[in-house]
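Read through the structure below, which is laid out as structure tokens, and then see the notes.
Reckoned from all heavy atoms, side chains included, excluding hydrogens, waters and symmetry mates.
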Amino acid sequence: MEREEGEYLAAAREQRPLRFLEDSDDAEERAFRTHWIAPGATAAQRNREHKRRTKAPDLVVETAAGAWECAACGTENDPYRLMEGAVPHCLECADMDHLVLLPSGDAALTRRAKKESRLSAVVVRWVPSRRKFRRVGLLVEEGALDAAERQCLADEDARARRRERDAERRAVQDVEFQKRFAAEILLRFPLCPQERAERIAVHAGTRGSGRVGRSAAGRDLDPGAVRRAVVASVRHEDTPYDDLLMGGVPREEARARIAADIDRVLSAWGEAGA
């Protein structure tokens, strides 16, 4: 393997170099920054990786949730602030007050507006319940937004047709996957009613559901993932689990109470290897 040292820059205008550890020495920093490249990597692959590592990070502007004061001019409670290190600046002092907000939601418009705008910044909002920032939009030049909107209007029909084709393709892929998932259920639980296996597969494999069928293991038809999907169905449909939860029983205690019921159903379905 070949080694190459990468550079990590702050998402601020000065793009100052970042350190991995506050009190690390140069040798430790070099170890953290090292990237390993396969000897057989092509020139195009090396070029893509180099561009990815050296690409300047996006400028980031925060939406202010509470009272604050610009460190440069003293303006209070501006809706946006740019943090330079630990120092907040209003958009006017950051020379970004000429930008307009493009809310998130239209990927094509956002992509084109960012390409057209010489200066742009990602707008984020702190979400306390999730303890992380969420992207809410993009600040771009007004002329860039106008140009991007014209481009989107010009090919709106073509993009709509492409979305329809993509949706049809995904629907076909989902149906095929759910059929394979149901077949895998019947392979592992041969006495499970076919209609039930198909219903479990549709539920577990619904796109965007976040259920076990959409996980990497589920898509690979991992036996453990298939079993978890079956157990989840049995838990809700063949045991008093939901009633216990509604009655105020803690989740772990409710699961313990119905464990024997699940085992009986799986045994009746002829679980392979049981």
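Residues I258 and I200 share a hydrophobic cluster, clusters being chains of Ile/Leu/Val/Met/Phe/Trp/Tyr side chains in contact below 4.5 Å. Residues M83 and W68 fall into different hydrophobic clusters, defined by Ile, Leu, Val, Met, Phe, Trp and Tyr side chains chained together at heavy-atom separations under 4.5 Å.
Comment: R125 does not engage E62 in a salt bridge, judged by the lack of any side-chain N to carboxylate O separation of less than 4.0 angstrom. Using a 4.0 Å cut-off between charged nitrogen and carboxylate oxygen, K114 and D58 count as a salt-bridge pair.
Looking at L266 and V234, their side chains come closer than 4.5 Å, going by heavy atoms from C-beta outward.
A side-chain contact (heavy atoms from CB on, under 4.5 Å) with L139 holds for exactly one of L91, L82, L102; it is L91.
Between the CG atom of D157 and the CZ atom of R162 there is a distance of 11.5 Å, given to the nearest 0.5 Å. Taken to the nearest 0.5 Å, the CG atom of L99 stands 10.5 Å off from the OH atom of Y80.
Under the rule for a salt bridge (charged side-chain N to carboxylate O under 4.0 Å, His left out), the partners of D155 that lie at least two apart in sequence or sit in another chain are R112, R159.
Residues in residues 182-198 take part in these side-chain hydrogen bond (donor to acceptor under 3.5 Å, both in side chains) pairs, two or more places apart or across chains: Q194-E198, E195-R199, R196-S233, R196-D238.
Using the six-membered ring where Trp is involved, F20 and F32 have ring planes that are parallel, under 30° apart on the 30 and 60° scheme.
Shortest non-hydrogen contact noted between P240 and D261 is CD-OD2, 3.9 Å.
Counting non-hydrogen atoms of other residues, nucleotides and ligands closer than 6.0 Å to CZ of R134 gives a total of 12 or fewer.
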